[in-house]
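Chain letters run A, B, ... following the sequence lines, proteins first, then strands; residues in each count from 1.
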Amino acid sequence: MQERLRISGLDKTFTLHLQGGTVIPVMKDANLSVSEGECVALAGPSGAGKSSLLRMIYANYRANAGEILIREQDTMTNIVTADPRKIIELRRSTIGYVSQFLRVIPRVSAIDIVAEPAVVQGRAGDDARDAARALLARLNLPERLWALPPATFSGGEQQRVNIARGFLSSYDLLLLDEPTASLDAANRRVVMDMIGEKKAAGVAIVAIFHDEEVRDAIADRVVDVTDFTDAERVA
Amino acid sequence: MVEGDMKHGPLLRVNRLTKFYGARTGCRDVSFELWPGEVLAIVGESGSGKTTLLSCLWGDLMPTAGSIEYRMRDGRMRDVMRLSEAERRLLMRTDWGFVRQNPADGLRMNVSAGANVGERLMAVGARHYGNIRSEASDWLGRVEIATDRIDDMPRQFSGGMRQRLQIARNLVTGPRLVFMDEPTGGLDVSVQARLLDLLRGLVADLSIAVVIVTHDLAVARLLSHRMLVMRGGVVVEEGLTDQVLDDPQAEYSQLLVSSILQA
């Protein structure tokens, strides 16, 4: 199995200049490898650094030291030191990130929000919008909402738009931050099936699940991030 | 990589740009590259030097030191400050645009909307009245101004419409680089949202490189790929827009981000 993500020696601290320079250690010497078709779940109590790790893989947070290598065809790129243009390119082509909350854009419809990354990847607009409709239907989002901007949607409706957006495009690496947190049982089932299909297609997945039952059903491995954050190591 | 490689080279290269007003610093040692289709936000509060920087780039102010290089349409990098006056005027009328905060500063208020757009076309050599008018009409449509307003004067327009007209006037010549100074500045919030969405779509569709000065971090988040944070005339932090906003490193960036009111 080809390795898609390799993290080694990753350190992260937050320095709060407005609080007198308080340094908050987040992670010390984190190591992780994820291969194609594999789903790794991050576990640990709230505040342990699970989301921070996902954000570092997406280069949304900066790392203080270490490497995060991401495979793009035959090359591994260290996203920690990659220049901004390279990071943007990797986000377009290779890494998908489904955050917990949808960042809505005024006046842009749910359909277009879902279709946009696929269009950026080169899919024709009409084709991408058809696929977006099919995915939103599968996620049981009422059809009357599709043409509306999601600003006024409920939390669960926004989350499904967000999931559809992340799953419609073809990424080699998917980062999922509590993708089923505000969903009912039926929709949770749909999302679990969708994750299973991505795995079968060879996508490498790093995910945080709030629900152990979902996690145990989907994840091939569970990595406890407190191993990266335990007080002795970060001190 | 050869200098003539348009797709894979910077469009604009600013090196250690510095402007002093007597003993006072306007901006100091500002360096960045901007690539085709890239949107760079320059944020900071009043007095941070962001407007001085923009004025130097556009040529309203003469920098004290530093260089500004631009990749001309023939693929060659040229020092903008060493262009002849004619070359520089042509550049600013065709390949560059400037969307100002106050539309009255960027429009001719006593000629019609259609003429405001058509005028820039004529500067690049268009002479056929019918073509100019139909192109102007097309652009009014793209910025969501009803085409039956083509003969109206900008002063008969609302603030939001004037700003959209200014955008059409700038984009009609197919510029590769557009500077924007607080383009959503004095507009109502609902009007701002419409303008932002319009700008976002146009910039992406036309793959225009943009340098946008704003103090509004939400505007920067929505429109820009990268960000420079300025304070006291110097760049205190730079990076991907979401990186700077979500994990700010410099003390001043942390202050800016933590000062945003949650609606």
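B:Arg221 touches chain A through its side chain: at least one heavy atom from C-beta onward sits under 4.5 Å away, while N, CA, C and O do not. When heavy atoms are compared at a cutoff of 4.5 Å, A:Tyr58 does not approach chain B at all. In this structure, the portions of A:Leu18 lying under 4.5 Å from any heavy atom of chain B include both its backbone and its side chain. Of the two parts of A:Gln19, neither the backbone nor the side chain holds a non-hydrogen atom closer than 4.5 Å to a non-hydrogen atom of chain B. Looking at A:Val120, neither its backbone nor its side chain comes within 4.5 Å of chain B, counting heavy atoms on both sides.
A pairwise comparison of heavy atoms in A:Arg91 and B:Leu240 identifies NH2-CD1, 3.8 Å as the closest pair. In terms of heavy atoms, A:Pro84 sits closest to B:Arg226 at CB-CD, 3.4 Å.
With rounding to the nearest 0.5 angstrom, the CD1 atom of A:Ile88 is 7.5 Å from the OG1 atom of B:Thr241.
Taking non-hydrogen atoms and a 4.5 Å limit, the residue list of residues 246-253 of chain B in contact with chain A, ordered by number, reads B:Asp246, B:Asp247, B:Gln249, B:Ala250, B:Glu251.
When B:Leu222, B:Val244, B:Leu255 are compared by the number of non-hydrogen pairs under 4.5 Å with chain A, B:Leu255 comes out ahead.
Residues B:Arg200 and A:Arg107 fail the side-chain proximity criterion, which asks for heavy atoms closer than 4.5 Å. No side-chain heavy atom of B:His225 sits under 4.5 Å from any side-chain heavy atom of A:Arg85.
Between the side chain of B:Gln243 and the main chain of A:Ala59, a donor-acceptor pair closer than 3.5 Å is present.
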